[in-house]
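Heads up, the thing below is written out as structure tokens.
In this text, all values refer to a predicted model and were calculated from it rather than measured experimentally.
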Amino acid sequence: MATTQQGILDLLSPYPPGWGGVLLAGAVSTVAISACAFAIGLLLGTGGALGKLSGNRMLRLLLDLYTTLIRAVPELILIVGLYYAGTDGLNRLLAALELPPVNVNGFVAAVAVLGFVQGAYMTEVLRGAILAIPVGQIEAAKAFGMGPVLRFRRVLLPALLPNALPGLANLWMSVTKESALVAVVGYQELALATRLAGASTKHYFVFFLASALLYLAITLVSNVVFKLVEGRVRRGQPRLA
């Protein structure tokens, strides 16, 4: 039994020939991809939500098309399409302009696609959060002469965050799992690192269990962070229980 435990510890050692360092580096890559994609999605979602509520019919139709199509097409197809077809199209354009070709980095492709996908979902989450704000608050801000930017910063943002945080937290948890899809373009994050470790040592159970524990750790830390943020934005509000 002791020999078996020692063998597992050797496999998970952060130093070669152990694979622990590779798994930890993969976990860091997963968090980095997720954080960058989440930030891009938040920017796109904010703009999309405000655009849908702006009253501009053409803009609303375009945003409806964006959110519908993105939520309908699997992320895997989008990642592969951007990485291969997108790179080919970009290089054809550069060749037409007599410029040298470029190679799209797997990290950049993953962040771009996942951020674009997150933006579609965040558009609806933030739109719902804005619609939950009492109209009187917005009308009062307009009556005080606040411009759109000041009105968003002083009224809309503080009021929508408590309503949007649960949905945003779910989207963060989702993107940490969806980051595993970038393995198809050869970028090494936690899921690909786990498969490589298992294939090299044939100890699949050990490494997939270790990977699951790392994903769980990311989730637990994320829960703590979102609870702290929610406590901050809900300060002064009455509790339901």
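Across Thr176 and Tyr215, no two heavy atoms sit closer than the pair O-CE2, 3.7 Å. Residues Thr201 and Phe207 approach most closely at OG1-CE1, 3.0 Å, considering heavy atoms. When every heavy atom of Pro100 is checked against every heavy atom of Leu94, the shortest pair comes out as O-CD1, 3.5 Å. For Leu131 against Leu53, the heavy-atom pair with the smallest separation is CD2-CD2, 3.7 Å. The two atoms that bring Phe107 and Cys36 nearest to each other are CZ-SG, 4.2 Å, heavy atoms only. Minimum heavy-atom separation, Thr123 to Gly119: OG1-O, 2.7 Å.
Linking ILVMFWY residues whenever their side-chain heavy atoms come closer than 4.5 Å, directly or via other members, places Val117 and Ile77 in the same cluster. Side-chain heavy atoms closer than 4.5 Å link hydrophobic residues (I, L, V, M, F, W, Y) into clusters, and following such links, possibly through other members, connects Phe152 to Val125. Leu50 and Leu157 fall within the same hydrophobic cluster, defined by Ile, Leu, Val, Met, Phe, Trp and Tyr side-chain heavy atoms under 4.5 Å apart, directly or through other members. If you chain together hydrophobic residues whose side chains sit under 4.5 Å apart, Leu76 and Ile70 fall into the same group. Under the 4.5 Å side-chain heavy-atom criterion for ILVMFWY residues, no single connected hydrophobic cluster contains both Val28 and Leu214.
Under a 3.5 Å cut-off, the side chain of Ser211 and the backbone N or O of Phe208 do not form any donor-acceptor pair. At distances below 3.5 Å, not a single donor-acceptor pair connects side-chain atoms of Glu230 with backbone N or O atoms of Val233. Although no hydrogens or angles enter the test, the distance criterion places a donor-acceptor pair under 3.5 Å between the side chain of Thr30 and the main chain of Leu190. Between the side chain of Arg153 and the main chain of Val149, no donor-acceptor pair closer than 3.5 Å is present. No donor-acceptor distance shorter than 3.5 angstrom exists from the side chain of Tyr121 to the backbone of Leu171, with no hydrogens or angles considered. With hydrogens and angles disregarded, no donor-acceptor distance shorter than 3.5 Å links the side chain of Arg60 to the backbone of Lys52.
For the atom pair CG (Asn163) and CD1 (Ile130), the distance works out to 10.0 Å, reported to the nearest 0.5 Å. The distance from atom CD of Glu189 to atom CD1 of Ile33, rounded to the nearest 0.5 Å, is 6.0 Å. Separation of atoms CG (Leu192) and CG (Leu181) is listed at 12.0 Å; rounding is to 0.5 Å. The line from CG of Leu168 to OG of Ser174 is 12.0 Å long, rounded to the nearest 0.5 Å. To the nearest 0.5 angstrom, Arg57 atom CZ is 12.0 Å from Leu62 atom CG.
Heavy-atom neighbours of Arg232 CZ from other residues, nucleotides or ligands within 6.0 Å: at or below the threshold of 12.
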Worksheet item: So Ser34 and Lys177, side-chain hydrogen bond (donor to acceptor under 3.5 Å, both in side chains) or not? Walk me through it.
Response: CA-CA 9 Å; Ser34 302; Lys177 312 303 181 293; over 6 Å; no
Item to complete: Apply side-chain contact (heavy atoms from CB on, under 4.5 Å) to the pair Met173 and Asn223, showing each step before the final yes or no.
Response: CA-CA 9 Å; Met173 300 303 178; Asn223 282 337; 2.9 Å; yes
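The shortest side-chain heavy-atom distance between Phe116 and Ile40 does not fall under the 4.5 Å cut-off. Side-chain contact between Leu216 and Leu220 is present, with at least one heavy-atom pair separated by less than 4.5 Å.
Of the charged side-chain nitrogens involved, at least one lies within less than 4.0 Å of a carboxylate oxygen, so that Arg127 and Glu124 count as a salt-bridged pair.
Between Phe38 and Trp172, the ring-plane angle classifies as perpendicular under the 30° and 60° cut-offs.
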